[in-house]
Amino acid sequence: MKIKFALLIVYLILFFQMPLAFSVQQRDLQPNEILVTVSDDVQLLFDKAPENSTLVFDVGTYTLNLLVNKSINLRGISTSHVILKGDGQQPIFEVIDGADVVIQNFTLADSEVGVRIVLSNVTIQNTLFLPGADNTAIEMDFDSNATIENNTFDNLRVAVEVLEQKNVIIKNNTFSNLTNIDVLFINVIYDSVSANCFDQVVPGYSTLAFSEVEADLGFVNIDNNDFHLLDSSVCKGAGKDGPGVVIDMGAYGGAQADEYAFPLSGVTVVSGVLDDSVKVSWQKNNDYRIDGYKIYYAQESLSDFGYDADRSRLKNETALVGDAELTIEGLGAESANITAPVLVSVLPVSSGKLAVTWNKVSNATSYTLYYRANNVAETGLDVGGVNAYTLTGLTDGVNYTVWLTATNQYKYYFQAVASIENNGSIIEGLFVNADTVYARADKDVISEVSASAVAMPEAVVPYPFLPDEGCFVATAAFGFYSHGRVQILRDFRDAYLQTNELGRSFVRWYYRYGPFAAALINQYEILKPVARVLLYPLILLAEAIAYHLVLFWVLFFFYLLLLVLMVKWVWRWRVKGSGAC
Amino acid sequence: MLRFLAFGILLFSAFAASLQAETRRQVPAYTLDIAAGLYFPDDTNWANYYGSNNLPEAGISFAYRVFSVLDIGSSVSFGRDSGSGILPLSQLPSGKVSYDILPLEFYAVLRAQFSQKQWIVPYAGGGYSRFFYRQLIEGKTYARGSVNGMHLKAGLQFLLDPLDVKSAMRIYQNYGVINSYLVFEGKITRAQTHAPVVDLGGRSYRLGIKFEY
């Protein structure tokens, strides 16, 4: 018994540890690290996180106002890929209550204040501050300490504002595109700032040792927010990290910098010289660390693999190249033969809908579904690689002929990444851009058509068929309570008459006298067509009001004209009659 | 409305007080019956659309005892079933449909009761039914209406008082309940719409409890 119990405990522990172990393996997280994704409630996750743990923010754009009131590490997967935006006037991070907090590897953008520190100790590293031209990056309130190192401050008014000077260290940062250099630092004492890169002289701080001042700090592409350094940058290797150790300044320098290259842009794929080749090109990335580029390609979407996909699954990858273009050959010019799919069923499901199912055939990457009403041109729909589809927007009571073909599409998906070698290990860029797709319809192989089937969409009615107490006359006239015309009147009653007092009065009146008329119509068959003829204008009017406003006005004026003509005719008749007397 | 309620409470209090003061009455004047059970529609296709051939229903009845062997009264019940609808042309089941019934009945019942201490009381009767119905597709009302009908019912009442005399006396003193019965009842309902002709009738079997005041 004891052994069984012990085994059960072991099993339970393993069972509950398995997802954790899996997630650690997937994201290279440590046991005390908690992954945060854009779909998470970040404040809730923070509140639940244990003291001194690390919240690791996944790639994405977050709108955030996080109240940080305990000691914790907040880290992004990659500085340029984890973008935190402000929520109104509140700071993105508000650190309070004596917490020891590390903030690193984020892009903080569009916020009146990026980080506010109150009564706490904060280290901010490898973060890109883009709060906006009139805004403040870091604001320090009472009794707070901060180490601000290896960050990039761009296009802002105040970098650091201190209410009460305590221990503040500002080093190895870059400052560029500043709105007002006089207020870049507010109440920050002279010797707190050392070894930083500025694009202009800061009054009162210009004689600092190890500081670099250059109009162009040498970023790769500032318009695209790529603040990696060019080989010629004055900030490259200008930072100090202990005696004799030099590092890059800015958000991508120092020991804690992420090693991912900025995403490549401008990826295009065109036909190559040979029939089975394509030429892939992209915009070169001038980050000095980049060793080369690599292309991944497949006949399925690579975006589905996620940015940190297990790329061993992707067999199609090129060797590293130094240029910004590459020709890939042997892309399966001859597509496989493909047999016609077998149509299994075409069934009505509800008003205007037909459900179509078929058997998949090998080598098919997509299916094209065709349908046609009588004497109307066929419509073809590319429905992807599924084996069931519901056609919608059809007309009830009309026969549709349905058939399909299978296609082996000549379609390839491409992702281009830059690669960086660091201390012997290769770090490839993340899959964060959409796939670049290359398709050639002329190379698609399309199967023979399947057998066809005919079906008619129709509206669902309840069982058994019970009369509705409203619309007595219409039900009697059309003989069936679920007749489409009767339903129009019923909808009109619910939507337009029952919603106002005048309409309700009419409904009450109708419910009182309608059954007598209905009984009369039921008794004398000859009255049914007469009632229908009389009801049609009302039905048209109801349908026009409910669904086609233009038609309503056309009908309205038509009926008005009809009425005028009738009055005129009656008037003439009466005048003639009186004349005869 | 408030005045009417206050008057009702006053009347009930006086009635209860008079009952407490006197010894236990022999002949009850009113009965209240709460029961629940299953309604089996006569429609043989019912299970094809609603999954089973019955639907749950519950009801409440109130009757006046004209003589010791004759009750006249009224009852109202409610039943609901959910299932699929139908595509009328292809006759295929489809969609989500709910069906509500609310039969309102007026009836007379003959009871084979010859003593207030009689343990088992058989009864039979019948009367007029106004059969209200409502159908919903995907939660939206599609059709509603009502139709005249009739019903016949028969059942057995099992006197509960001898099982716990003290409790029976306490219920009598506190609430004026003279007799309590466990009731098993079977009922046949006939109700038919005219255009189109649909039989809404069926059989129902209920178990309930009856209080006689």
**Report entry** For B:Val97 against A:Pro462, the heavy-atom pair lying closest together
**Finding:** CG1-CB, 3.6 Å
Query raised in the report: If you measure from CG on B:Leu92 to CD on A:Glu458, what distance do you get to the nearest 0.5 Å?
Result: 7.5 Å
**Report entry** chain A contact via B:Ile86 - side chain, backbone, both or neither, heavy atoms under 4.5 Å
**Finding:** both
Query - Whether over 12 other heavy atoms sit under 6.0 Å from A:Lys353 NZ - result: no
Query - Interchain contact, B:Leu136 with chain A, by part (heavy-atom threshold 4.5 Å) - result: neither
Query - Side-chain heavy atoms of A:Leu347 within contact of B:Leu87, under 4.5 Å - result: no
Requested in this report: Might you confirm whether atom CD of A:Glu448 has over 12 heavy atoms from other residues, nucleotides or ligands at distances under 6.0 Å?
Outcome: no
Query raised in the report: Okay, side chain of B:Ser94, backbone of A:Val349: is any donor-acceptor separation there less than 3.5 Å?
Result: yes
Requested in this report: State, yes or no, whether a side-chain contact exists between B:Glu138 and A:Ser350 at a heavy-atom distance under 4.5 Å.
Outcome: no
**Report entry** Side-chain donor/acceptor of B:Gln135 to backbone N/O of A:Val461, under 3.5 Å
**Finding:** no
Query raised in the report: Around A:Leu44, counting heavy atoms of other residues, nucleotides and ligands shown, do more than 12 lie under 6.0 Å from its CG?
Result: yes
**Report entry** Residues from residues 41-66 of chain B approaching chain A under 4.5 Å (heavy atoms)
**Finding:** B:Asp43, B:Asn45, B:Trp46, B:Tyr49, B:Tyr50
Query raised in the report: Should the heavy atoms of other residues, nucleotides or ligands under 6.0 Å from CZ of A:Phe558 be counted, would the total exceed 12?
Result: no
